[in-house]
There are 2 protein chains.
Amino acid sequence: MLVTLNDIAIKAGVSVTTVSRVLNNKHEKYRISAETKTLVMQAAKELDYRPNLLARGLRLKRTHTIGIIVPDISNPFFAFVTHMLQMFIYQHGYSLIVCSTNEDIKTEIEQIELLKSKGIDGFVIMPVGTTHNHIDDLLGEDKPVVLLDRCFNDININAVVVDNYTGAFRAIEHIIQNGHTKIAIIQGLLNTYTNNERLKGYREALKKHNIKINTDYIVGNDFRKENGYIETKLLLKMENPPTAIFTTSDLITLGALQALFEGNCKIPEDVSLVAFDDIDFAPYLMAPLTLVRQPKELIAETAGKLLIEDIKTKGKKEKKKIVLMPELIVRNSVKNLFEKRQSQKYEAEALLK
Amino acid sequence: MLVTLNDIAIKAGVSVTTVSRVLNNKHEKYRISAETKTLVMQAAKELDYRPNLLARGLRLKRTHTIGIIVPDISNPFFAFVTHMLQMFIYQHGYSLIVCSTNEDIKTEIEQIELLKSKGIDGFVIMPVGTTHNHIDDLLGEDKPVVLLDRCFNDININAVVVDNYTGAFRAIEHIIQNGHTKIAIIQGLLNTYTNNERLKGYREALKKHNIKINTDYIVGNDFRKENGYIETKLLLKMENPPTAIFTTSDLITLGALQALFEGNCKIPEDVSLVAFDDIDFAPYLMAPLTLVRQPKELIAETAGKLLIEDIKTKGKKEKKKIVLMPELIVRNSVKNLFEKRQSQKYEAEALLK
DNA sequence: AGAGGGTGCACAATCGATTGTGCAAAGGGC
DNA sequence: GCCCTTTGCACAATCGATTGTGCACCCTCT
């Protein structure tokens, strides 16, 4: 078994109390003599003492552990954010428990309960869905919480999100400015914050440019690859298929690429594609992908800061909602339909001569 | 504060002992009357009791928590394996603490110490480097450990690895069979198990086909993207550049792609490329990538099974080293130099006529 | 009625660390 | 020499859950 305070106490010939006080640097407050102090330090070093963090956590009700609830850590966006967050908090003396929920609200609730039982100091949550009683409960118990990527507008809570609305809006507007009017969107999980905002951006952009919304072009219901694959297949089979597709997550994009590939559809010649979420390989795809990039590093670091601040101030500080701006990266996956018309015009003119 | 056994005891009018026994389903062993049992159950339900896992862990020395030490969770391969592992062990009632080491042995040692202090029940470790005193210590303390992806041949320990040697060997042989002799390898972190094996596969394949090894073609020292980028740039600038490059991790591949892209090098026309590690987007890249795929799901599941078995049998069972076979996926990133010669021959013949 | 056995539960120690309080011993002032 | 202060440390409770042991009480049998 591990070395305990008691072992040190025996070796140093003092009480457990004294050992604890020395090791916690409280020798001044409790007037431990310099002599005793070195004696204890010596013994501790020789025995290679490591505090039992379960016992300490039980006593102090602080575990220096943070829990993160993520929908799916195999999604590159979430994986990257998790990695950054762990790096950040580790520097501040915290460790991270990671829980994947597989986008299932029941699992999410269970995992949060489990983490509470483990006495963690704070939560970073990327919630599924739009109900949030379980998160309200956390707030009620004064547990530090930061929502990440997805949030709720109707509660006062720390949150770090990207302006999904504007991101989607700009993406769609970019497509429209290239002459498209038949634009499809493959949604992620319905009723998530991110999906709602992205859909709103899609709708508003079309509305602004007086393009009638065709609900047949609004498809999908899941952030995963299979969703992107199936919906793209179906879109391609439509009588009046879209000329451009907006995919709302990296995994959806992956599925869409697969379907387009199998259908022998060239991007952007046959179909234009714009994605939400950065994809590392985007520039090197058959068609370098135009996409909406989220500031991933900044998201993770901001969330980490917010949470640790909340823990240190014991929730006294006001809750903040921080909205970060995504960026549209234009590459070469959107066909310019005007140019086509132009060239057709030229060809026509040439014919007339 | 959370509800404790004591709260239930008061509400039910019995002792804490009895409450504990009822809730742990030990009413038979300790002869608790059916009456008392329902009384306690009622009270527990009404108060929405959740056991304090710190206290339980302290007492029982079991926390139902597993720690995973991963070099870099933002690496897609590691992220996927971590996700699968978490899913698997969660079904068995365990949760997962994730620690990234950033390929730093010092961090790795620290993290392992930390996890020990947290009283976790077992480790899954993807170790950095070739020294393993810290892991020997774990074995000495009878902590269940499973190595994953990387292992050491000189200790008796549970491990799940891929046959990196054969994977690399086949990849290089495939390149050779397409007529290449100037083949470069961009290595990952030196002296890691995976890197050593992959390098050995590279060497042996060349040797088998009587191709002299040019050490100028053996470059790189890190599994990250920047390494792939820089080394590819340098390779392209060589006086006598390679005609094919073997990248030994997905992030190295990403960096290499970037360098090739910037250098306006077409794959496979100008340079051939074969990668180790599956990349989701591989089929849809400008040149659909030929690569060595590792059975990721299987790796994770096997490791999970092995670890849980080891925990349940308290290390009584014999240690196993499980070697899984990778698969060479041939796409279109290797140029066939014979065909070129063929066509040159045809052209020459045509000229002669 | 008294012995013997079974039933049903509580006492108290334990895991390891933290901390308010109390109490000797030493030192100083008169 | 006596009282008071200061110094230096230990006692014991506490966090919440688990478990070996002990002990009333009741029933039954002789």
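Because only heavy atoms are used, hydrogens play no part in the values below, and waters and symmetry mates are left out as well, while side chains stay in. Because the structure is predicted, anything quoted here is derived from the model rather than measured. So you know, we letter chains A, B, ... as the sequences are listed, proteins then strands, and number each from 1.
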[X] side chain to [Y] main-chain N or O, any donor-acceptor pair under 3.5 Å?
X        : Y        : value
A/Asp222 : A/Leu189 : no
A/Gln111 : A/Ile69  : no
A/Arg150 : A/Pro127 : yes
A/Ser117 : B/Leu53  : no

*Starting from the 5' end of DNA chain C, give me the residue, B/Leu60 or B/Thr18, whose nearest nucleotide shows up first.*
B/Thr18
_Just to verify, which of A/Thr65, A/Ile89, A/Ile66, A/Ile120 counts as forming a side chain to side chain contact (heavy atoms under 4.5 Å, CB included) with A/Ser95?_
A/Thr65
[X] side chain N/O closer than 4.0 Å to the phosphate oxygens (OP1, OP2) of [N]?
X       : N      : value
A/Lys61 : D/dC15 : no
B/Asn52 : D/dC15 : no
A/Ser33 : D/dC9  : yes
B/Tyr30 : D/dG20 : yes
A/Tyr49 : C/dA17 : yes

Could you give the [atom1]-to-[atom2] distance, from [X] to [N], as a whole number of Å?
X        : N      : atom1 : atom2 : answer
A/Arg50  : C/dC15 : CZ    : P     : 22 Å
B/Lys29  : C/dC9  : NZ    : P     : 17 Å
B/Lys118 : C/dG16 : NZ    : C1'   : 16 Å
B/Asp7   : D/dA17 : CG    : P     : 9 Å
B/Leu54  : C/dC15 : CG    : P     : 18 Å
B/Asn6   : C/dA10 : CG    : P     : 12 Å
A/Lys26  : D/dC9  : NZ    : P     : 17 Å
B/Leu5   : C/dA10 : CG    : P     : 13 Å

_Exercise: do B/Ser100 and B/Asn102 side chains pair donor with acceptor under 3.5 Å_ = no
*Between C/dC9, D/dA10, C/dT18, spot the one nearest the side chain of A/Asn24, thanks.*
C/dT18
*Ignoring hydrogens and angles, answer whether the base of C/dG5 and the side-chain atoms of B/Arg31 contain a donor-acceptor pair closer than 3.5 Å.*
no
Would you mind classifying the nucleic acid contact of [X] as base, sugar-phosphate or nothing, using non-hydrogen atoms under 4.0 angstrom?
X       : result
A/Thr4  : sugar-phosphate
B/Val19 : nothing
A/Ile32 : sugar-phosphate
A/Leu58 : base
A/Thr17 : base
A/Arg56 : sugar-phosphate
A/Ser20 : base

